[in-house]
Amino acid sequence: MKADTNEQLLLRGLAHNDSKAIDTLYKENFGMVQAFILNNNGTYDDARDIFQEAMITLYEKARSESFVLTCQIKTYVYSVCRRLWLKRLQQMGRYVTASDSLEETVPVEDDVEIQEKKNQEFLIMDRALGSLGEPCKSLLEAFYLQKKGMLEIADSFGYTNADNAKNQKYKCLMRLKKLFFAQYNIGE
Amino acid sequence: MDDILLLEAVERYLAGDMQPEEKAWFEQLRENTPEVDQLVVEHKLFLHQMNNYAGTKALKNALHDSHNRLLERGEINDGKPVSTGGKVIQLFHRYKRVTAIAASIAGLVAITISGMVAYFAPNASRQQLQMLGTEMAKLKKNQQYQNDKLRAVESKIPAEATLTGGGSGFLIDPKGYIITNAHVIGNSNFAAVVNHKGEEYKARIVSIDADKDLAILKIDDADFTSLTTLPYTLQKKSTDLGETVFTLGYPRNEIVYNQGYLSAKTGLSRNGVDADSNTCQIAIDVNRGNSGGPVFNSNGELVGIISTKQLEATGVVFAVKTKTLYQMVERLKDSDTSVAHLKLPYGKSSIRNAQRTQQIQKLEPYVFMVKAYTR
């Protein structure tokens, strides 16, 4: 039971982006995933990418309130990584009959698919922000990502008052929304 | 400016920062103005996306930091040089496991095979294999004399004498007459015989019949004391096919017993085609050095004298028949008076009812190793 409590704590830590929890999860699971990737024609870089993607999937799950852990974190992470990697190998046109692993796996196809959609959305936002240019990008990031107040933003960006900053923020936001929804709707 | 205020209001409304009255007023506005309602929905979606983006972005950074931190502490292993290395190096790293495994398997197989070869191969020494080689070279000659290997043994023989051949022999007269093969003696001037105890006696060559492949020696040594009667006799009637026979001889420096049976009443002449009535065929395992050895039947009667064996077949041995020996001795007696007192043993052998081991014990002292010398 203690192990389960531990895992719940780790997941809560992950959901709140706690670096200690992330370190622990990383340490406990990365080696296994790396071994799997390297054994299946992957590189160290592939291992890192796949593992981090799996961690993000786990993070999304942990953030949703409905999430209940039905298996060990290790099993879940391994299953996701395995699924992701086999998919990537197929995309590269290298059909690989995955060696029957000794590790236990759980069905994660749905989670992986949902995560793929979220990745798309992330990329759209990333591209939209990227094509916004400065100082709009930093301004919006300060407000929406770092959740800074308008006064503080006005101060650090050198606006004479918060209203001017607000005005600038509004213009930037309009442009970002336009860029974002242009892509987002196509995506849909 | 209105738009800015409106958006701010939407954000405050979505964040739940509005006072109850303001919220009620705003919800009223939403209901009455579809544009505002649309804006709220759209912005809600956008903010949700933005939040997701923020969270994922923060996590990505955290993961990146974590990776580097653990890497620095050495708690995870990352083949960093790989990513900066060239394609060849990447390929090497990618396939080095496979290569290593393949190499290991290859090595293991090689070791296993060589081990198995070493284990199962006959333990024949190089020398023996060479001997076989020389025998193969002589295969053309269908038959071959079973000459003994030349052995250097300290002896009474003068130092300047050279050993030219060797084989086996046995007494046919207790006074010291020994029968052996003519090919054992060859062109030698004199011979020496050694009994089973290792005692050596000089012997002179009395007669050689190369055609019948028989030679008679006479022990001519002061150390030799005449033996009493021979335990065996010469067989008078012819041997039946399938009759068990055995032989004693010196293929080594020690007396060796072997057993077989009569396969054919005649042997083959040296051309390998014609039947030779002077000899008979025996299935027995003999080696070089058995030449001149006696062949007895189970009654302890002399059936023949081992002479040759066929090389391309196993267990095909030819022995000179007793009758041939008898004819030779009789002819010799007629022409040479010095051997007139040679008396071949006939009658009943004294070991005819004995066990084989006892027969051998009795026979041993009468079988000699023969060594031929030239001066």
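Being a predicted model, the structure only gives us computed values, none of them experimental.
Counting heavy-atom pairs closer than 4.5 Å to chain B, the top-ranked of the candidates A/Leu145, A/Asp23, A/Leu14 is A/Asp23. In terms of non-hydrogen atom pairs under 4.5 Å with chain A, the most contact-rich of B/Ala62, B/Ala58, B/Ser66, B/Ala54 is B/Ser66. Interface check for chain B: of the options A/Leu140, A/Asn39, A/Leu25, the most heavy-atom pairs under 4.5 Å are formed by A/Asn39.
With a 4.5 Å cut-off on non-hydrogen atoms, B/Leu59 touches chain A through its backbone and its side chain both. Residue contact with chain B, scored on non-hydrogen atoms closer than 4.5 Å, involves the side chain of A/Lys169 exclusively. Contact annotation for A/Tyr26: both backbone and side-chain heavy atoms come within less than 4.5 Å of a heavy atom of chain B. For A/Asp18, no part lies near chain B; criterion is any non-hydrogen pair under 4.5 Å. If you measure heavy-atom distances from A/Asn17 to chain B, the contacts under 4.5 Å come from the side chain alone. Looking at B/Leu70, the atoms closer than 4.5 Å to chain A (heavy atoms on both sides) all sit in the side chain, from C-beta outward. For A/Leu129, the part lying under 4.5 angstrom from a heavy atom of chain B is the side chain only. For A/Gln146, no part lies under 4.5 angstrom from a heavy atom of chain B.
A salt bridge does not link B/Lys57 with A/Glu141: every distance from a Lys NZ or Arg NE/NH1/NH2 to an Asp or Glu carboxylate oxygen is 4.0 Å or more.
Heavy atoms of other residues, nucleotides or ligands lying less than 6.0 angstrom from OH of B/Tyr261 number 12 at most. Under a cut-off of 6.0 angstrom, the local environment of NZ in B/Lys44 is sparse, with at most 12 non-hydrogen atoms contributed by other residues, nucleotides or ligands. Atom NZ of A/Lys178 has 12 or fewer heavy atoms from other residues, nucleotides or ligands within 6.0 Å. Residue B/Arg356 places its CZ atom among more than 12 non-hydrogen atoms of other residues, nucleotides or ligands, all under 6.0 Å distant. In this structure, A/Lys87 places its NZ atom where more than 12 heavy-atom neighbours from other residues, nucleotides or ligands lie under 6.0 Å away. When the shell of 6.0 Å around CD of A/Glu134 is examined, it contains more than 12 heavy atoms from other residues, nucleotides or ligands.
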Criterion side-chain contact (heavy atoms from CB on, under 4.5 Å) on A/Phe143 and B/Met50, from CA distance to verdict: CA-CA 11 Å; A/Phe143 185 81; B/Met50 203 61 174; over 6 Å; no
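When each of A/Glu121, A/Lys118, A/Arg63 is paired with B/Asn52, the side-chain hydrogen bond (donor to acceptor under 3.5 Å, both in side chains) condition holds for A/Arg63 and for no other.
Using a 4.5 Å cut-off on side-chain heavy atoms (C-beta onward), B/Leu63 and A/Ile56 make contact. Taking 4.5 Å as the limit, every side-chain heavy atom of B/Asn51 sits out of range of all side-chain heavy atoms of A/Tyr144. With contacts defined as side-chain heavy-atom distances shorter than 4.5 Å, the pair B/Gln49/A/Ile124 does not qualify. Side-chain contact between A/Arg48 and B/Leu71: absent, with no pair of heavy atoms (C-beta onward) separated by less than 4.5 Å.
Ring centers of A/Phe30 and B/His67: under 6.0 Å apart, within the cut-off.
Residues B/Leu7 and A/Tyr170 come closest through the heavy atom pair CD2-CD1, 3.5 Å.
B/Phe46 and A/Phe180 have perpendicular rings, their planes meeting at more than 60° on a 0 to 90° scale where under 30° would count as parallel.
Cation-pi check for B/Lys60 over A/Phe122 is met; the charged atom lies under 6.0 angstrom from the ring centroid and within 45 degrees of its normal.
Rounding to the nearest 0.5 angstrom, the gap separating the OG1 atom in B/Thr56 from the CG atom in A/Asn119 is 8.0 Å.
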